Enquirer: 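One structure follows; several queries about it will come next.
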2 protein chains.
Amino acid sequence: MTVTASARPQGGVRERKRIATRNAIQRAVLTLALDRGFDGVTVEEISHEAGVSPRTFFNYFPTKEAAVIGDVPEMPDAEAIDRFVSAGAGQSILEGVRDLLLSSVDQEPNPDGADIESLRRTLLRAHPYLFTLRMASMKQLELELVSVVERRLVHDDSRVAGDPERLHSRARLVTYVAFAGIRHAWSCWAETGGRGALADRLIDSFTELQVLARGEY
Amino acid sequence: MTVTASARPQGGVRERKRIATRNAIQRAVLTLALDRGFDGVTVEEISHEAGVSPRTFFNYFPTKEAAVIGDVPEMPDAEAIDRFVSAGAGQSILEGVRDLLLSSVDQEPNPDGADIESLRRTLLRAHPYLFTLRMASMKQLELELVSVVERRLVHDDSRVAGDPERLHSRARLVTYVAFAGIRHAWSCWAETGGRGALADRLIDSFTELQVLARGEY
DNA sequence: ACCGGACTTTGCACCCACTGCAATAATGAG
DNA sequence: CTCATTATTGCAGTGGGTGCAAAGTCCGGT
């Protein structure tokens with residue numbers, strides 16, 4: 001392997017190499033896709049550019065798409081979830097979801113990965129299809145969020161538990177609207193070239209959501 | 001070809017055969033995917049089941065996915081769009097979008113296709129991934145809707161045209177929320193086994209959206 | 001410094017999705 | 001019935017993706 005890992009990441013050689021390779025592959029696929037288009041690039045070219053064999057590419061990413069999509073936010077820890085569930089009806093539920101998602105978005109430090117984030121932002125902005133793919137790959141998070149929102153709704157007003165179908169329906173609607181907020185935040189963030197943090201955009205989008213909800217436009 | 005077309009559809013033999021084949025392929029892919037899973041079925045099997053060659057399969061659908069996803073709603077005609085754009089600020093914008101989308105959803109008659117619709121509903125309900133794929137394939141409609149919503153916002157209050165970036169941001173948010181409504185409507189519709197029309201679910205979901213917006217839960 | 005077990009990389013053979021092309025068959029208009 | 005149009009198919013080829021086993025790398029213990 002010809003990967004010059006700046007030795008920042010802690011851990012053994014293995015760990016460091018693994019991260020470096022992962023970054024190299026993402027850098028390669030994003031760079032190549034940016035000037036030839038996603039379909040104009042083969043895994044063979046990507047692997048070559050990243051300095052690994054095609055077979056190794058698939059040890060790191062299950063599909064070519066996965067490499068451009070990158071890591072997707074995960075559900076925050078149980079503590080943050082409990083805080084959300086038991087915040088009480090005083091807090092608007094969308095506000096609660098927003099704060100919950102903020103902890104999801106903040107993770108993923110990845111030193112040496114700033115350029116990757118930027119490349120990805122540019123690419124996904126230019127190709128709506130890839131952007132929707134990324135959103136689609138958050139389906140897991142979405143499903144988990146639905147059940148957390150259900151818990152919250154029951155906590156706020158235990159009567160709703162009496163009608164599970166309606167409860168589920170509401171939880172899903174809240175979740176879908178929240179995801180509309182995420183999509184919006186990401187779009188804005190990409191459009192302004194990554195000015196400020198994604199977290200700030202998320203706050204803006206949810207605020208705007210409240211404005212829309214109040215029917216002010 | 002061994003397709004027994006009940007001769008309902010008008011038009012020449014060609015047209016009828018084409019529709020029959022298209023239906024046969026969809027029926028085949030949906031049926032097979034329902035008991036072996038989407039990945040457990042090959043195009044060869046699907047084509048055989050539908051009574052066509054594998055090559056012909058790809059004359060009807062660009063990908064295996066496209067066959068399960070089926071036709072996706074399109075933007076309604078210019079007349080309906082104009083009605084939406086110039087409805088005036090008296091009508092809430094989400095209500096307007098809802099009505100606009102109702103005309104999109106109502107099309108697609110496809111006689112002989114009732115069973116296909118039902119199979120598809122069952123399959124997509126069981127496989128969230130396929131459902132998100134279907135939503136993702138509506139990206140085109142979504143993009144068009146954004147620009148229509150922009151026109152509406154300008155029509156309602158021409159001052160917003162002075163800040164194009166903000167205008168675009170708002171239009172996108174409205175559109176994303178509307179799509180949250182569509183997703184919700186579709187989920188509910190699939191979950192109740194297709195009871196009632198999808199259009200009715202859409203109305204329900206948008207009503208619920210207003211309730212959520214008013215912060216009533 | 002060396003050894004042996006654990007993990008990684010790679011090549012190879014293979015399956016399947018998908019495409020362009022050219023031959024053949026079905027349709028429809030006059 | 002004829003011929004232009006359009007649909008179907010086979011074939012050969014590209015590229016994504018996987019299982020397996022061989023070879024290479026890392027790391028902890030001695």
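Reminder, nothing fancy here: chain letters follow the sequence lines and each chain counts from 1. Model, not experiment: these values are computed from the prediction.
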Enquirer: Which residues pass the side-chain contact (heavy atoms from CB on, under 4.5 Å) test with B/R152, not counting sequence neighbours?
Expert: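 By the side-chain contact (heavy atoms from CB on, under 4.5 Å) rule, B/R152 matches B/F84, B/A87, B/Q91, B/I93, B/D156.
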
Enquirer: Who pairs with A/N23 by side chain to side chain donor-acceptor pair (under 3.5 Å), at least two apart in sequence or on another chain?
Expert: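 Here the qualifying residues are A/N110.
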
Enquirer: Go through D/dA7, C/dT10, D/dG10 for me and flag the one nearest to the A/V52 side chain.
Expert: C/dT10

Enquirer: For B/E142, check salt bridge (Lys or Arg N to Asp or Glu O under 4.0 Å) against everything at least two apart and list the hits.
Expert: A/R183, B/K139

Enquirer: Return a single string for nucleotides 23-30 of chain C, one symbol per nucleotide in 5' to 3' order, where B is base contact, S is sugar-phosphate-only contact and - is none, cutoff 4.0 angstrom on heavy atoms.
Expert: ---BBS--

Enquirer: Tell me which pairs pass side-chain hydrogen bond (donor to acceptor under 3.5 Å, both in side chains) where either residue lies in residues 118-133 of chain B, with sequence neighbours left out.
Expert: B/Q26-B/R120

Enquirer: Once side-chain contact (heavy atoms from CB on, under 4.5 Å) is applied, do any residues pair with A/H155, and if so which ones, sequence neighbours excluded?
Expert: A/V85, A/S86

Enquirer: Listed by chain and number, what are the side chain to side chain donor-acceptor pair (under 3.5 Å) partners of A/E191, not counting sequence neighbours?
Expert: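 Once residues adjacent in sequence are excluded, the partners of A/E191 under the side chain to side chain donor-acceptor pair (under 3.5 Å) criterion are B/R172.
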
Enquirer: By salt bridge (Lys or Arg N to Asp or Glu O under 4.0 Å), which residues pair with A/D163, not counting sequence neighbours?
Expert: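 None.
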
Enquirer: For the helix from C/dA1-D/dT30 to C/dG30-D/dC1, what is the angle between the axes at its two ends, each from 5 pairs, rounded to 10°?
Expert: 20°

Enquirer: Using the test side-chain contact (heavy atoms from CB on, under 4.5 Å), find all partners of B/S147 that sit at least two apart in sequence or belong to another chain.
Expert: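 B/S147 satisfies side-chain contact (heavy atoms from CB on, under 4.5 Å) with no other residue.
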
Enquirer: Under the rule for side chain to side chain donor-acceptor pair (under 3.5 Å), what residues qualify as partners of B/S205, not counting sequence neighbours?
Expert: B/H184

Enquirer: Within residues 35-45 of chain A, which residues have any heavy atom lying less than 4.0 Å from an atom of DNA chain D?
Expert: A/V41, A/T42, A/V43

